[in-house]
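A short write-up of the structure that comes next.
These values consider heavy atoms only, across backbone and side chains, with no hydrogens, waters or symmetry-generated copies.
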Amino acid sequence: MEFPHLSIFIALSFALIVATNAALPPELYWKSKLPTTQMPKAITDLLNPTDLTEEKSTSVAVGKGGVNVDAGKPKPGGTAVNVGKGGVNVNTGKGRGKPVHVVVGKSSPFLYNYAATATQLQDKSNVALFFLERNLHYGTKLNLQFTKTTSNNKANFLTKEVADSIPFSSNQVESILNKFSIKKGSEEAEIVKNTISECEENGIKGEEKLCVKSLESMVDFTTSKLGNNVEAVSTEVKKESSELQEYVIAKGVKKMGEKNKAVVCHKENYPYAVFYCHKTDTTKVYSVPLEGVDGNRVQAVAVCHTDTSQWNPKHLAFQVLKVQPGTVPVCHFLPQDHVVWVSK
């Protein structure tokens with residue numbers, strides 16, 4: 001499923017905004033705010049590391065190559081927005097970006113206030129992610145499949161200036177669809193509306209949430225909740241698997257952070273990178289080494305929720321684990337493209 005291209009008008013607007021703004025590139029903004037925090041792979045995959053020491057200007061090319069935000073090395077250094085036919089692409093300097101493919105009508109299984117859909121209950125890869133904290137120890141065997149939640153959605157981060165210039169509100173859906181040249185009633189239109197709806201939904205009691213549309217906004221939200229002395233982690237997989245297989249928890253399970261506080265950011269399906277970030281004070285984070293029967297090794301991030309009393313009673317976790325809200329800690333592994341933040 002491809003998103004159609006952005007309009008030339010939007011691309012030119014991006015160019016004017018970025019070219020006239022002296023803000024730091026996202027990578028340098030990270031370093032200025034978090035000088036001792038290493039970027040996890042889930043973040044570096046959405047950025048071009050060759051631009052770490054370069055300030056960017058913007059050039060615009062209009063043609064038939066798709067919509068690209070090119071973070072590769074420009075002539076003096078810059079971001080090129082190319083508009084034409086072929087879908088929405090993000091080019092990080094490694095060749096032409098791929099069209100964005102997304103899953104339609106599927107709410108994230110990690111959001112607390114959503115009831116599981118029939119589709120989610122049949123999705124073995126999602127179901128397998130959930131487990132009970134008492135099973136989080138050396139030797140436990142689990143059937144798992146590690147892929148990226150939005151594995152077909154290659155959408156990269158835009159700069160904060162560009163992202164903030166694009167409408168992102170249920171009151172402006174028609175305008176958003178027009179700007180992205182998305183046809184009303186299409187599957188792509190449902191994706192846009194579904195993501196915005198999830199972002200605008202009120203959080204549960206004790207949850208502080210925000211959908212961030214740029215790396216800078218993610219950093220700002222996280223540091224406002226946890227301070228600047230933080231660690232950011234994501235699940236890292238040696239090789240992705242095409243089906244469920246048995247993994248064993250190896251030695252070295254380690255609790256991360258302090259005081260059961262964490263900010264967890266889930267990647268959403270959207271034409272550019274949007275993360276659903278939320279913070280609670282009842283979350284434990286673990287680093288979990290896993291060994292697959294095929295020899296695959298995974299350094300997984302697991303999150304355990306110690307208070308689920310406010311969750312939707314029909315949440316996927318309860319239906320899979322056969323437990324009731326608020327009774328026992330519920331845990332789940334995170335896909336590779338999600339990010340967890342904890343205090344050091």
Side-chain angles (χ1 to χ4, degrees), residues 38 40-42 108-110 112 116 120-121 123-149 206 226 230-241 243-266 278-311 315-344:
Q38 183 176 352
K41 192 173 186 298
S108 170
F110 307 114
Y112 306 144
Q120 287 175 327
L121 288 169
D123 187 338
K124 293 181 180 180
S125 61
N126 268 341
V127 168
L129 291 174
F130 291 92
F131 60 96
L132 297 176
E133 189 177 27
R134 63 172 177 259
N135 295 323
L136 187 56
H137 58 77
Y138 169 67
T140 295
K141 295 179 180 180
L142 300 162
N143 289 319
L144 301 167
Q145 179 183 0
F146 285 95
T147 59
K148 296 179 181 178
T149 301
L226 302 178
V230 293
E231 184 175 4
V233 293
S234 62
T235 292
E236 296 195 14
V237 180
K238 185 177 180 181
K239 61 179 180 180
E240 290 191 18
S241 54
E243 58 186 19
L244 287 169
Q245 68 161 333
E246 185 179 281
Y247 285 85
V248 177
I249 297 181
K251 292 181 179 179
V253 176
K254 182 178 69 173
K255 187 175 183 298
M256 306 182 70
E258 58 179 19
K259 299 179 181 179
N260 294 349
K261 293 182 180 181
V263 171
V264 184
C265 295
H266 307 285
H278 53 166
K279 178 252 184 185
T280 68
D281 295 339
T282 57
T283 302
K284 297 180 183 178
V285 180
Y286 293 92
S287 175
V288 185
L290 298 167
E291 296 179 356
V293 292
D294 66 346
N296 190 27
R297 293 179 181 271
V298 177
Q299 193 62 43
V301 176
V303 173
C304 293
H305 304 277
T306 59
D307 182 4
T308 60
S309 60
Q310 301 296 314
W311 289 25
H315 190 279
L316 182 64
F318 303 138
Q319 299 193 55
V320 169
L321 301 174
K322 310 300 182 185
V323 298
Q324 297 298 314
T327 55
V328 294
V330 168
C331 304
H332 58 83
F333 291 110
L334 286 171
Q336 296 161 253
D337 49 2
H338 296 208
V339 182
V340 182
W341 300 77
V342 293
S343 298
K344 290 182 180 178

Check: [Y] and [X] side chains under 4.5 Å, non-hydrogen atoms:
| X | Y | answer |
| --- | --- | --- |
| Val293 | Tyr247 | no |
| Phe318 | Pro325 | yes |
| Leu136 | Cys304 | yes |
| His332 | Val303 | yes |
| Lys239 | Phe146 | no |
| Thr283 | Thr306 | no |
| Thr308 | Gln310 | no |
| Leu129 | Phe110 | yes |

Nearest 0.5 Å, what's the [atom1]-[atom2] distance between [X] and [Y]?
| X | Y | atom1 | atom2 | value |
| --- | --- | --- | --- | --- |
| Cys265 | Asp337 | SG | CG | 12.0 Å |
| Thr140 | His137 | OG1 | NE2 | 3.5 Å |
| Lys254 | Ser287 | NZ | OG | 5.5 Å |
| Ile249 | Tyr138 | CD1 | OH | 11.5 Å |
| Trp341 | Leu226 | CH2 | CG | 9.0 Å |
| Lys344 | Met256 | NZ | CE | 10.0 Å |

For [X], look at atom [atom1] and say whether over 12 heavy atoms of other residues, nucleotides or ligands are found less than 6.0 Å away.
| X | atom1 | value |
| --- | --- | --- |
| Lys238 | NZ | no |
| Gln38 | CD | no |
| Lys255 | NZ | yes |
| Glu246 | CD | yes |

From CA spacing to verdict: side chain to side chain contact (heavy atoms under 4.5 Å, CB included), Val301, Val285: CA-CA 7 Å; Val301 176; Val285 180; 4.0 Å; yes
Taking the basic N atoms (NZ, or NE/NH1/NH2) and the acidic carboxylate oxygens, is any pair closer than 4.0 Å for Glu243 and Lys124?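 No salt bridge links Glu243 with Lys124.
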Carboxylate-amine/guanidinium contact Arg297 Glu291, below 4.0 Å: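 Salt bridge between Arg297 and Glu291, a charged N being under 4.0 Å from a carboxylate O: yes.
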Verify side chain to side chain contact (heavy atoms under 4.5 Å, CB included) between Val233 and Val339, making sure each step is shown before the conclusion. CA-CA 6 Å; Val233 293; Val339 182; over 6 Å; no
For a quick check under 3.5 Å, do Gln245 and Asn143 share a side-chain donor-acceptor pair by atom type?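 The answer is no; no qualifying pair exists.
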Just by distance, do the side chain of Thr235 and the backbone of Leu334 share a donor-acceptor pair under 3.5 Å?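 Yes, the answer is positive, given that a donor and an acceptor are paired below the 3.5 Å cut-off.
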If only atom types and distance count, is the side chain of Asn260 paired as donor or acceptor with the main-chain N or O of Asp281 below 3.5 Å?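 It does not hold such a pair.
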With side chain to side chain contact (heavy atoms under 4.5 Å, CB included) as the test, would you mind laying out the steps for Glu236 and Val298 before giving the verdict? CA-CA 6 Å; Glu236 296 195 14; Val298 177; over 6 Å; no
Closest contact, heavy atoms only, Val342 versus Gly257: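 It is CB-CA, 3.7 Å.
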Please name the pair of heavy atoms, one in Ala128 and one in Leu244, separated by the smallest distance, quoted to 0.1 Å.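 Result for this residue pair: CB-CD2, 3.9 Å.
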So that I know where these two stand, are Phe333 and Phe131 an aromatic pair - ring centroids less than 6.0 Å apart?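 Close enough - the centres of the two rings lie under 6.0 Å apart.
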For the aromatic rings, using the six-membered ring if either is Trp, is the centroid distance between His315 and Tyr112 under 6.0 Å?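 For His315 and Tyr112, the ring centres are not under 6.0 Å apart.
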